[in-house]
Amino acid sequence: MKENSFLAPDVNLQELAARTKNYSGAELEGVVKSAVSFALNRQLSLDDLTKKVEEENIKVTMEDFLNALQEVIPAFGASTDDLERCRLHGMVDCGDRHKHIYQRAMLLAEQVKVSIGSPLITCLLEGTSGSGKTALAATVGIDSDFPYVKIVSAESMIGLHESTKCAQIIKIFEDAYKSPLSVIVLDDIERLLEYMPIGPRFSNLISQTLLVLLKRLPPKGKKLLVIGTTSELVFLESVGFCDTFSVTYHVPTLSTNDAKKVLQQLNVFAEEDNDAAAEALNDMPIKKLYMLIEMAAQGECGGSAEAIYSGKEKIQISHFCDCLQDVVLI
Ligand SMILES: Nc1ncnc2c1ncn2[C@@H]1O[C@H](COP(=O)(O)OP(=O)(O)OP(=O)(O)O)[C@@H](O)[C@H]1O
């Protein structure tokens with residue numbers, strides 16, 4: 001394309017090479033074809049489809065390549081969409097304790113990248129349901145910039161038999177072993193293990209599979225970081241999972257200071273009400289806080305959410321306290 005002057009001068013091949021980690025030859029061909037079709041579409045006039053296309057005007061630009069990269073997703077690449085779905089509200093600063101865990105997990109990613117001695121590092125994030133473990137793990141996966149990042153969650157395996165679930169989990173690990181650097185997020189391990197406190201019951205087959213995979217070293221030259229999340233630490237301890245993870249971090253609920261920080265960023269209260277709202281929250285998981293804010297943002301008669309999120313109105317602290325009563329009761 002370059003020889004025939006079909007490439008625009010802004011195309012940066014180095015950058016494209018960096019952005020196409022883990023693309024196979026066929027997938028790269030797909031990217032090029034897709035970029036060309038974007039460039040051709042620009043030349044077509046919908047008013048007159050019979051109009052001749054000037055060959056000299058056809059230039060594939062960097063933007064065409066970037067659009068093509070959105071369309072052609074590598075089979076063994078990062079599942080960015082799945083990961084982004086774990087942090088739908090984006091990531092707000094939840095205070096120093098959350099930041100510390102993020103920094104430590106990023107250090108583990110760095111360690112797995114550069115170290116010769118530790119090709120496999122496993123890290124467990126435990127904490128109350130809704131405290132932000134999955135969002136944190138997904139953020140580390142995305143920010144690590146590893147070519148292969150996958151999330152294993154029970155929601156993608158609803159209704160499957162345990163042997164099918166095992167096969168899917170093994171496949172994800174086998175795919176990771178083909179990539180030089182990989183991150184696998186094992187979300188809600190107790191759900192993956194089909195844990196049920198009444199009984200108690202769980203799937204021994206999936207449990208044994210995961211225990212083996214968490215200990216199996218990747219092939220030579222390949223490196224893997226596994227981040228697990230759980231709200232059932234005692235159960236995981238009893239089935240021997242906790243010893244399998246190299247490090248465990250406790251993801252806390254929001255202290256008053258943390259909640260104040262989050263509320264300031266959300267900017268839904270009048271400045272003078274932020275303190276009172278944060279005081280009332282009392283060790284709440286971030287998930288519940290978001291739910292509460294959304295409830296309160298509807299206003300007493302409903303319909304005020306748009307004005308509140310656009311900053312034109314603020315949530316009334318009295319109404320917020322009423323909603324808080326309901327949420328705490330739930
Ligand atoms: N730092 C953050 N900034 C913004 N939103 C966040 C943050 N952390 C978590 N959330 C949001 O809070 C909700 C719950 O988070 P998440 O699913 O990560 O919690 P969890 O601890 O994994 O919960 P569970 O144990 O129930 O799976 C999600 O909607 C997520 O988008």
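Every number for a ligand or one of its atoms is a count from 1 in the order of the listing. These numbers come from a predicted model, not from an experiment.
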Side-chain donor/acceptor pairs under 3.5 Å, residues 222-230, sequence neighbours excluded:
| residue | atom | partner | partner atom | Å |
| --- | --- | --- | --- | --- |
| K223 | NZ | K113 | O | 3.0 |
| K223 | NZ | S115 | O | 2.9 |
| T229 | OG1 | D187 | OD1 | 2.8 |
| T229 | OG1 | D188 | N | 2.8 |
| T230 | OG1 | E190 | OE1 | 2.6 |
| T230 | OG1 | E232 | N | 2.9 |

Taking the six-membered ring for Trp, are F320 and F269 parallel (under 30°), tilted (30 to 60°) or perpendicular (over 60°)?
->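 Aromatic pair F320/F269 classed perpendicular.
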Are D258 and K261 close enough for a salt bridge, meaning some N to O gap below 4.0 Å?
->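 Answer for the salt bridge query: no.
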Listed once per pair and sorted, the ring pair (Phe, Tyr, Trp, His ring centres under 6.0 Å) pairs that draw on residues 96-153, sequence neighbours left out |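 Found none.
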What side-chain donor-acceptor pairs closer than 3.5 Å can you find for residues 30-40, not counting sequence neighbours?
| residue | atom | partner | partner atom | Å |
| --- | --- | --- | --- | --- |
| K33 | NZ | E29 | OE2 | 3.1 |
| S34 | OG | E71 | OE1 | 3.1 |
| S37 | OG | S34 | O | 2.8 |

Is there a side-chain hydrogen bond (donor to acceptor under 3.5 Å, both in side chains) between S246 and T122 once you walk through the steps?
-> CA-CA 5 Å; S246 336; T122 50; 3.0 Å; yes
Would you please write out the protein residues whose heavy atoms approach any atom of ligand 1 to under 4.0 angstrom, listed by chain and number?
->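 The answer is C86, R87, L88, H89, G90, M91, V92, C94, T128, S129, G130, S131, G132, K133, T134, A135, D188, S231, I286, K287, Y290, counting any residue whose heavy atom sits under 4.0 Å from ligand 1.
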